[in-house]
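For clarity, every value in this text was computed on a predicted model and none was experimentally measured. In what follows, chains carry the letters A, B, and so on, assigned in the order in which the sequence lines appear, proteins first and then strands, with residues in each chain numbered from 1.
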Number of protein chains: 2
Amino acid sequence: MTKPPLPTRLSGPAESPGFLLWKISNAWQRRLRVALQPYGLTHSQFVLLATATWFGAEETLTQARLSQLSGIDPMTTSQVLRALEAAGLIERIDHPQDPRAKAITVTKAGRDLARKAVVAVEDADAAFFKPLASDTKRLVAMFQSLVEGNERVDE
Amino acid sequence: MTKPPLPTRLSGPAESPGFLLWKISNAWQRRLRVALQPYGLTHSQFVLLATATWFGAEETLTQARLSQLSGIDPMTTSQVLRALEAAGLIERIDHPQDPRAKAITVTKAGRDLARKAVVAVEDADAAFFKPLASDTKRLVAMFQSLVEGNERVDE
DNA sequence: ACAAGATAATATGTGCGCTTACTATAAGCG
DNA sequence: CGCTTATAGTAAGCGCACATATTATCTTGT
């Protein structure tokens, strides 16, 4: 190593937390995709359906609110919710107070599917993080401080 | 809470490691995008350019090998490398031994750009993981065990 | 009451991860 | 030698994250 080809601080990508984060996130997405496949849901569809099911019990949801709750981009939220509507899992009716907005309600089929899918997702999640065993709590704490330390300006 | 709308084990998504992983990965991608913008590179372009620069000093690289080294999907690798070629950062010449393959070499412009970009990426990385301070080492160790515990069958 | 700014939803377009399918060629084996 | 299998690269297409821009409507300040 007389003259390294790149002025990097690390001896390779395997030690870069960002590179590892990217790989792990991809692996997790792959696993989730497989876990959700039997239910005909994509990850985003599941997140929005589950969020709508969970919070729909408490408040009248709009797409903007769902986007905020789920962390999914408003454009993607719009698109995915239309897919969920086409699948008969939710309904998008004109909002009674605000004609700009759509009121989102989960159908019975949507609720039933969400109940089944959430079990599969939590199983997949548990399997994915199993290598960490009891350290998972520590990881969650680290993740939470990363989320806080890297908030977007808005929201 | 007489009857929760979903049979979930957690009190909300904020405690799910998978959900947090997804959010953090998105936030990291956003930051990398901004960091690389001045260099006209996307994340995948940077990874492939840096990998090619790094390992190109040691061996004759093919697209398949680069895909393997970088962890980027072969299809995406093909596509991104053509973009890098169009930008004059790499060259894709027919492989001397194997006519199916392309031999990838980094141009001087590519090497120079990689050297500058890698600094920006490492700065962005450091800033992103700064909230963890010295715990970053611990996180890297956790990430490594997750990568090992969730390998794909192939590779 | 009215103008100015914020907000809800959507159109359009880019890039990427991934899948499936295809061509061409290499490598192994009887 | 010829057959099978594996491999390198590509085409086409889906879904999502994101950026930018548009339309319609709400909200706020004066």
Side-chain angles (χ1 to χ4, degrees), chain A residues 21-34 36-37 40-49 60-87 92-104 152-155, chain B residues 21-34 36-37 40-48 60-87 92-104 152 154-155:
Chain A
L21 174 63
W22 170 70
K23 287 193 74 164
I24 289 165
S25 176
N26 282 341
W28 184 78
Q29 299 270 358
R30 271 193 298 272
R31 190 176 275 244
L32 259 283
R33 204 188 332 274
V34 171
L36 284 170
Q37 192 159 346
L41 291 173
T42 65
H43 175 224
S44 295
Q45 286 172 9
F46 166 75
V47 171
L48 283 170
L49 182 60
T60 301
L61 294 169
T62 62
Q63 296 191 174
R65 178 75 177 132
L66 268 174
S67 166
Q68 188 187 26
L69 288 168
S70 63
I72 291 176
D73 174 77
M75 254 325 296
T76 305
T77 299
S78 167
Q79 188 180 319
V80 169
L81 286 179
R82 275 176 283 175
L84 289 177
E85 183 186 36
R92 292 162 69 242
I93 58 177
D94 291 342
H95 195 283
Q97 274 84 45
D98 189 339
R100 294 172 306 177
K102 306 273 186 188
I104 308 299
R152 292 180 90 167
V153 197
D154 52 290
E155 286 177 33
Chain B
L21 174 63
W22 170 70
K23 287 194 74 166
I24 289 165
S25 176
N26 283 342
W28 184 78
Q29 299 270 357
R30 244 177 271 136
R31 190 175 273 243
L32 260 284
R33 202 189 333 273
V34 171
L36 285 170
Q37 191 160 348
L41 291 173
T42 64
H43 175 225
S44 294
Q45 286 172 11
F46 166 76
V47 171
L48 283 170
T60 302
L61 293 169
T62 62
Q63 297 190 174
R65 178 75 177 131
L66 268 174
S67 167
Q68 188 185 26
L69 287 168
S70 64
I72 290 176
D73 175 79
M75 254 323 295
T76 305
T77 299
S78 165
Q79 188 180 318
V80 169
L81 286 180
R82 273 175 283 172
L84 289 177
E85 183 186 36
R92 293 160 70 242
I93 57 177
D94 289 343
H95 196 282
Q97 274 84 45
D98 188 339
R100 294 172 307 177
K102 307 272 187 188
I104 308 300
R152 289 179 93 168
D154 51 289
E155 286 177 32

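Atom CD of A/Gln79 is separated from atom P of D/dC14 by 12 Å (rounded to the nearest Å). Distance A/Gln97 CD to C/dA9 P: 13 Å, rounded to the nearest Å. Rounding to whole angstrom units, NZ of residue B/Lys23 and P of D/dC16 are separated by 18 Å. In this entry the distance linking CD of A/Gln45 with P of D/dC14 reads 14 Å, nearest Å. Between the CG atom of A/Leu36 and the P atom of C/dC18 there is a distance of 16 Å, rounded to whole Å. Rounded to whole angstrom, the span from the CZ atom of B/Phe46 across to the P atom of C/dC16 amounts to 14 Å. Taking atom CD1 on B/Ile72 and atom P on D/dT10, their separation rounds to 15 Å, with Å as the unit. As rounded to whole Å, 15 Å separates atom P of C/dC16 from atom CG of B/Asn26.
Of the listed nucleotides (D/dG9, D/dC16, C/dA9), C/dA9 has the atom at the smallest distance from the side chain of A/Thr62. Ranking C/dA11, C/dC16, D/dA17 by closeness to the A/Thr76 side chain, first place goes to D/dA17. Distance from the side chain of A/Met75 is smallest to C/dT10 among C/dT20, C/dT10, D/dA8. Here C/dT7 is the nucleotide among C/dC18, C/dT7, C/dT10 with the atom lying nearest to any side-chain atom of A/Arg100.
Look at B/Ser78 and you'll find a side-chain N or O under 4.0 angstrom from OP1 or OP2 of D/dT10. Between B/Trp22 and D/dA17, a side-chain N or O to OP1/OP2 separation shorter than 4.0 Å is present. Distances shown here put a side-chain N or O of A/Thr42 below 4.0 Å from the OP1 or OP2 atom of D/dC16. Residue A/Arg33 has no polar side-chain atom (N or O) positioned under 4.0 Å from OP1 or OP2 of D/dC14. Contact annotation: A/Arg30 does not reach the phosphate of C/dG17 (side-chain N/O to OP1 or OP2, under 4.0 Å). The phosphate of D/dT10 (OP1 or OP2) has a side-chain N or O of B/Arg92 nearer than 4.0 angstrom.
Heavy-atom nearest nucleotides on DNA chain D were determined for A/His43 and for B/Ala64, and the one closer to the 5' end corresponds to B/Ala64.
Evaluated for a side chain to side chain contact (heavy atoms under 4.5 Å, CB included) with B/Leu48, the options B/Thr76, B/Leu41, B/Leu66 yield exactly one hit, B/Leu66.
At the heavy-atom level, B/Arg82 lies under 4.0 Å from the strands shown only through sugar-phosphate atoms.
Between B/Leu21 and A/Leu21, some side-chain heavy-atom pair lies under the 4.5 Å cut-off. Side-chain contact between B/Val80 and B/Phe46 is absent, with no heavy-atom pair separated by less than 4.5 Å.
Each end of the helix from C/dA1-D/dT30 to C/dG30-D/dC1 gets its own axis from five base pairs, and the two axes differ in direction by 20°, given to 10 degrees.
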